[in-house]
There are 2 protein chains.
Amino acid sequence: MKLSSKSRYAVMALVDLARFDDIYPVSLRDISLRQGISLDYLEQIFSKLKKNEIVKSIRGTQGGYVLNKNPNDIKLTNIFHAVDEKVKTVQCKKESKRGCNGKATKCITHNLWDELEIHINTFFENKSLEDLIRNNKQTRV
Amino acid sequence: MKLSSKSRYAVMALVDLARFDDIYPVSLRDISLRQGISLDYLEQIFSKLKKNEIVKSIRGTQGGYVLNKNPNDIKLTNIFHAVDEKVKTVQCKKESKRGCNGKATKCITHNLWDELEIHINTFFENKSLEDLIRNNKQTRV
DNA sequence: TCTAAACTTGACCAATTTAGTCAGGTATGT
DNA sequence: ACATACCTGACTAAATTGGTCAAGTTTAGA
Ligand code: FES
Ligand code: FES
């Protein structure tokens, strides 16, 4: 059960970006330097964030990225969904009536994993970028 | 963020076992057949469960495995720990003062991931095998 | 108008992890 | 003795991860 670097980077980058994007667009190069994330990798990540309308891009010199929504409306769920991070605790297809090992009914632990999945997703749904910025501003001098 | 099959199987097998182990030892072969899990794989898993004193083994004909503790004292945490499933949301070494990308301080999202880890682990600590058996008995006719 | 900064896209890859299989054992109730 | 069932370690194919690399396109500013 671990979180991928891609997701961790996505959130890191967005928190970094959110601190300045109201002043000027933030370039990936800056984020890369400040957060120590590979520029090429960031580009992959932001391409997805853009497709999911979490950020907007501004091309050309002095360009960069800007948030496309209010930080309060960007939940962890949205970010994770954008970069294809998914919480997968069950093995079976959720929609199907069939169980994991090809059985006709759900297995004896199915409900447990389902509960777990909901437990985790709840955390993601309740946490917004706004929360993270606030938290981070507090720790800055 | 996904749960490994090994962990899922471990819990499945223990729930299966717990339903009969007060009557007679349960062989892995039976569990394998009932739950559709590879016997060889189960053996790996039970070797670890035994090392962690979650089950006891009884060798020879009519042998099998039996729980080594009260189902109420076997938490998901214990099972996961036994099969080396670990929740890992931060990238850095927890004990160290250093951050992930080799920086001298913790990164801007460190606290968030730490919170997430606690959130998930809490679920594991509160859920016992007893809970699962009870739940499963209800769904049996 | 030229140029450099910055976004855009897609291919490629090494290392690790996962989810097992396989091939041998050893212990013991009947 | 022998079948049953535990025990152990080596091995591996496939998927995933965490990137790199190369070759663009767009646009602000000199
Ligand atoms: S996990 Fe859904 S049926 Fe087993
Ligand atoms: S995750 Fe701990 S410092 Fe970045």
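Just the heavy atoms: all of them, side chains too, but no hydrogens, waters or symmetry mates, feed the values below.
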Comparing nearest nucleotides in DNA chain C, the 5'-proximal residue of the pair A/M1, A/S47 is A/S47

Applying side chain to side chain donor-acceptor pair (under 3.5 Å), run through B/D16 and B/Q35 and close with a yes or a no. CA-CA 8 Å; B/D16 183 298; B/Q35 304 302 330; 2.5 Å; yes

Rounded to whole Å, CD1 of B/I37 lies from P of C/dT21 at a distance of 12 Å

Notebook entry, point to check: Under 4.0 angstrom, heavy atoms only, what part of the nucleic acid is A/Y65 near: base, sugar-phosphate, or nothing?
Noted result: sugar-phosphate

dist A/R8:CZ -> A/S4:OG (nearest 0.5 Å) comes out at 7.5 Å

Scoring nucleotides 19-30 of chain D by protein non-hydrogen atoms under 4.0 Å (B base, S sugar-phosphate only, - none) yields BBB--BBBBB--

Grouping ILVMFWY residues whenever side-chain heavy atoms fall under 4.5 Å, the cluster of B/I58 otherwise contains B/V66

B/L42 CG to D/dA5 P, in whole Å, measures 14 Å

Rounded to whole Å, NZ of B/K2 lies from P of C/dT18 at a distance of 8 Å

Counting only side-chain nitrogens and oxygens, does A/S57 get under 4.0 Å of the OP1 or OP2 atom of C/dA6? no

To the nearest angstrom, the CZ-P distance between B/F46 and D/dT8 comes to 15 Å

To the nearest angstrom, the NZ-P distance between B/K56 and D/dC7 comes to 13 Å

| Under 4.0 Å between a Lys/Arg side-chain N and an Asp/Glu carboxylate O for A/D84 and A/K6? | no

### Message
Treating B/N78 as the side-chain partner and B/K75 as the backbone partner, does any N or O pair qualify as donor plus acceptor under 3.5 Å?
### Response
yes

DNA chain D nearest-nucleotide lookup for B/K51 and B/R29: closer to the 5′ end is B/R29

- Query: Base, sugar-phosphate, or nothing: which does A/V55 touch, judged by heavy atoms less than 4.0 Å apart?
  - Reply: nothing

Looking just at side-chain N and O atoms, do A/T89 and A/E117 make a donor-acceptor pair shorter than 3.5 Å?
yes

- Message: Check the phosphate of D/dT17 against A/K6, side-chain N and O only, distance under 4.0 Å to OP1 or OP2. Yes or no?
- Response: no

